[in-house]
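As structure tokens, the structure follows; a few thoughts come after it.
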Number of protein chains: 2
Amino acid sequence: MTRQRRIIYDALMAKRDHPTADEVFSRVKKTMPTISLATVYNSLEKLVECGLVRQVNRDRESTRFCPNLKEHGHFYCRECGSVHDIDLPSTRPSGLGLSLPPGFKVDHLDLNLLGTCPECGAKQQP
Amino acid sequence: MTRQRRIIYDALMAKRDHPTADEVFSRVKKTMPTISLATVYNSLEKLVECGLVRQVNRDRESTRFCPNLKEHGHFYCRECGSVHDIDLPSTRPSGLGLSLPPGFKVDHLDLNLLGTCPECGAKQQP
DNA sequence: AATGAGATCAAGAATTATTCTAAAAAAATC
DNA sequence: GATTTTTTTAGAATAATTCTTGATCTCATT
Ligand SMILES: [Mn+2]
Ligand SMILES: [Mn+2]
Ligand SMILES: [Zn+2]
Ligand SMILES: [Zn+2]
């Protein structure tokens, strides 16, 4: 844990909203104006390697980072772009009521939901 | 439907294995050696736009293309890299035994499973 | 058959997120 | 305190994809 890695990790924990590397860079520059984007990428990679942070991808958008270590899926709001953690049912591995053909062994699962978040839903039909 | 779009679509239907744009390019060059990669990208985009083909993404790998229009998830084999279609339970939208917090309206769902496919599983423990 | 409008194709440049390179700075070890 | 190792940094490189633009095709109309 170096100073920059700590600051980056703290930035993720402070506002657990799944920022991109670039957003992390912007936030961290406030505390450490000299930090470079390369360091943000390097440090995030190290944090992922150590299992303190997880990468989250949707389609081909920039990778986002999440400090929630519990296995979970993600909900993306089409209106406001917010990303929310979604609990997975404990009946894994395949769980989820999936009927996998025989012979498939699943060791990891990525789930992304798209739609409208509660805030944006409330704005539209009050 | 132009000649190149037809050939590209046929290539996808012939071997429904989720090729990347570059793989489609290689295959299609056999029938039409003068076609360009740009045209493959343009045509795939058009086919997606018309709803004849779907894009499939995993993490930040190259986009793959799938002519299976039924809503479905994907299984990726870590050993051989193959991609298989996985039926989703009919109890959608949120279905899948997910307990979504109230207010979230889901209109689309992406599911990727990682693990070992039946062929690779058989090779390892016969 | 020639014309012309509009769509499509194709070559290469541009873009974007990310990774790599190499040198400077910092930290750890002797 | 000198030496070795690790980390940071700026900038170049990369890879997938998109954009730009002129050439080519399509096809209804003369
Ligand atoms: Mn998360
Ligand atoms: Mn598929
Ligand atoms: Zn929202
Ligand atoms: Zn396999």
Side-chain angles (χ1 to χ4, degrees), chain A residues 1-12 17-67 74 76 81-83 110 112, chain B residues 1-12 17-67 74 76 81-83 110 112:
Chain A
M1 260 300 180
T2 66
R3 203 155 70 84
Q4 11 283 89
R5 289 175 194 173
R6 155 71 48 200
I7 288 177
I8 286 170
Y9 181 68
D10 289 349
L12 282 177
D17 60 348
H18 305 85
T20 62
D22 220 62
E23 285 162 357
V24 172
F25 181 46
S26 301
R27 290 178 198 182
V28 160
K29 266 195 295 193
K30 285 173 192 150
T31 343
M32 185 185 269
T34 63
I35 200 169
S36 77
L37 179 57
T39 299
V40 172
Y41 271 106
N42 290 340
S43 302
L44 286 169
E45 185 185 30
K46 265 279 159 10
L47 292 172
V48 168
E49 218 173 285
C50 301
L52 290 169
V53 165
R54 297 176 42 186
Q55 298 191 218
V56 177
N57 289 288
R58 172 187 161 218
D59 295 349
R60 295 198 48 80
E61 290 178 7
S62 315
T63 298
R64 296 173 175 278
F65 295 86
C66 170
H74 290 97
Y76 294 80
S82 64
V83 182
D110 274 337
N112 288 333
Chain B
M1 258 301 177
T2 65
R3 201 156 72 83
Q4 10 285 88
R5 290 177 194 172
R6 154 73 46 200
I7 288 176
I8 286 170
Y9 182 68
D10 289 349
L12 282 177
D17 60 349
H18 305 85
T20 62
D22 220 62
E23 285 162 358
V24 172
F25 181 46
S26 302
R27 291 178 197 183
V28 160
K29 265 196 294 193
K30 286 172 193 149
T31 342
M32 185 185 267
T34 63
I35 200 170
S36 77
L37 180 57
T39 298
V40 172
Y41 271 107
N42 289 340
S43 302
L44 286 170
E45 186 185 29
K46 264 281 160 9
L47 292 172
V48 168
E49 218 172 284
C50 301
L52 289 169
V53 165
R54 295 177 42 186
Q55 298 191 220
V56 177
N57 290 287
R58 176 191 157 215
D59 295 348
R60 294 197 49 82
E61 292 179 6
S62 315
T63 298
R64 296 172 175 278
F65 295 87
C66 169
H74 290 97
Y76 294 80
S82 63
V83 182
D110 274 337
N112 288 334

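Proteins get letters first, then strands, A, B, ... in listed order; numbering begins at 1 in each.
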Given side chains that start at C-beta, do those of [X] and [Y] come closer than 4.5 Å, heavy atoms only?
X	Y	answer
Ile8(A)	Ile35(A)	yes
Met1(A)	Leu52(A)	yes
Pro19(A)	Leu12(A)	yes

> Earliest and latest nucleotide of DNA chain D, 5' to 3', sitting under 4.0 Å from a non-hydrogen atom of chain A?
Replying inline: dT7(D) to dT17(D)
>> I'd like to check the side-chain hydrogen bond (donor to acceptor under 3.5 Å, both in side chains) partners of Thr31(A); sequence neighbours left out, ordered by chain and number.
In response: none
> Which residues satisfy the side-chain hydrogen bond (donor to acceptor under 3.5 Å, both in side chains) test with Asp110(A), sequence neighbours excluded?
Replying inline: His108(A)
>> At under 4.0 Å between heavy atoms, how does the protein contact nucleotides 10-30 of chain C? Give one character per nucleotide, 5' to 3', with B, S or -.
In response: BB-----SBB-----------
Side-chain donor/acceptor pairs under 3.5 Å, residues 57-66 of chain B, sequence neighbours excluded:
residue, atom, partner, partner atom, Å
Asn57(B), OD1, Thr63(B), OG1, 2.8
Arg58(B), NH1, Glu61(B), OE2, 3.1
Arg60(B), NH1, Arg60(A), O, 3.2
Arg60(B), NH1, Glu61(A), O, 2.5
Arg64(B), NH1, His18(B), O, 2.8

>> Applying side chain to side chain donor-acceptor pair (under 3.5 Å) as the test, list every pair that has at least one member in residues 37-47 of chain A; sequence neighbours left out.
In response: Ser36(A)-Thr39(A)
